[in-house]
Amino acid sequence: MIPKDHPRYESLMMRERIVEGYKMGITVLQGLIAHGRGEMFDYVLGEKSHDFALKAEKVAVALMMLSKRPVISVNGNTAVLVPEEISELSKLLNAPLEVNVFHFSKERVDRIKKYLERFGAEVLANCDAELNGLSHGRRIVDRRGIYVADTVLVPLEDGDRCEILKKHGKKVIAIDLNPLSRTAMMADVTIVDNIVRAIPNMIKFAKKLRDASREELEEIVKNYDNRKTLRLALETIRDNLTKIAEEKLRDI
């Protein structure tokens with residue numbers, strides 16, 4: 001039992017959700033490692049949604065709204081960290097969820113699907129098509145979803161699939177706390193934010209923009225520069241690390 005007055009309560013609870021997901025057969029041990037890596041970047045980013053992240057989240061929503069066949073890719077970590085939120089966002093954007101995992105088994109995919117359906121989500125998991133150019137589990141997709149999608153939201157992504165999705169002519173929106181990753185560098189829109197903040201932020205933007213005209217949405221997307229987002233994220237990490245180092249050195 002983690003006491004609510006623990007200074008790292010929220011962080012520890014996220015870890016607990018992933019551990020529970022492992023016990024349910026939804027997450028994998030490698031997912032714990034990946035989460036820890038992201039948590040490190042979140043720490044040096046100050047564990048908050050910066051203006052550059054909020055802008056990217058708004059652009060991501062506008063781009064999904066403009067798309068004909070948007071899809072939200074979901075892996076084990078995403079499913080256990082934001083099941084209710086990702087299901088709500090899916091409905092608001094008319095973008096089905098699709099289970100797509102690196103460590104693939106049909107049993108695991110079905111467990112993730114059933115878990116998300118408990119939150120009212122439409123979940124694609126037929127595993128009846130493949131993305132040319134990949135040799136691991138993420139190549140296995142649903143013919144109704146990622147296979148034909150024009151825009152794919154890929155939270156907690158790995159770089160080689162992002163590259164292949166781009167080669168297949170799809171727009172890619174990534175949620176990635178590491179602005180130096182291949183995914184972050186290659187995506188059309190990179191949200192450098194923790195998924196537990198990013199998805200709720202996107203829900204808010206989706207509600208604000210649902211009555212926006214196509215012209216308004218196009219203007220939001222047109223004025224976006226992903227390179228600027230990455231640059232601002234890296235500068236924030238640099239400045240925060242400098243500040244933290246100076247504060248700690250004073251105590252030594």
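In this chain, residues are counted from 1 in sequence order.
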Please tell me whether T27 and N77 have a donor and an acceptor in their side chains that are separated by less than 3.5 angstrom. no
_Within 45° cone and under 6.0 Å: R118 NZ/CZ vs Y115 ring_ = no
* Asked: If only atom types and distance count, is the side chain of R108 paired as donor or acceptor with the main-chain N or O of I26 below 3.5 Å?
  -> yes
- Is there a donor-acceptor contact under 3.5 Å linking the side chains of N75 and T78? yes
side-chain contact (heavy atoms from CB on, under 4.5 Å) filter on D142, not counting sequence neighbours, yields E98, L124, N126, D128, R144
Worksheet item: Among side-chain atoms of R161 and S73, is any donor-acceptor pair under 3.5 angstrom?
Response: yes
Less than 4.0 Å between a side-chain N and a carboxylate O, is that true for R8 and E47?
-> yes
Is the closest basic N to carboxylate O distance between K113 and E117 below 4.0 Å?
yes
Hits for side-chain contact (heavy atoms from CB on, under 4.5 Å) against R231, two or more places apart or cross-chain, chain-then-number order -> K228, E235
Is R210 reaching over with its side chain to a backbone N or O of A206, donor-acceptor style, under 3.5 angstrom? no
query = Quick check: does any side chain N or O of N226 sit under 3.5 Å from a backbone N or O of T190, one acting as donor and the other as acceptor?
reply = yes
Check: Any sub-3.5 Å donor-acceptor pair from N240's side-chain atoms to V44's backbone N or O?
Finding: yes
Working for side-chain hydrogen bond (donor to acceptor under 3.5 Å, both in side chains), residues E216 and S213: CA-CA 5 Å; E216 290 173 307; S213 67; 3.3 Å; yes
Quiz item: What orientation do F52 and H50 show, parallel under 30°, tilted 30 to 60°, or perpendicular over 60°?
Solution: parallel
For this session: Give a yes-or-no answer on whether the side chains of Y43 and S11 include a donor-acceptor pair shorter than 3.5 Å.
Result: no
side-chain contact (heavy atoms from CB on, under 4.5 Å) with M202: of D193, L54, L89, only one passes, and it is L89
Item checked: Whether S90 side chain and A95 backbone form a donor-acceptor pair below 3.5 Å -> yes
When R227, K166, K170 are each screened for salt bridge (Lys or Arg N to Asp or Glu O under 4.0 Å) with D188, the one that passes is K166
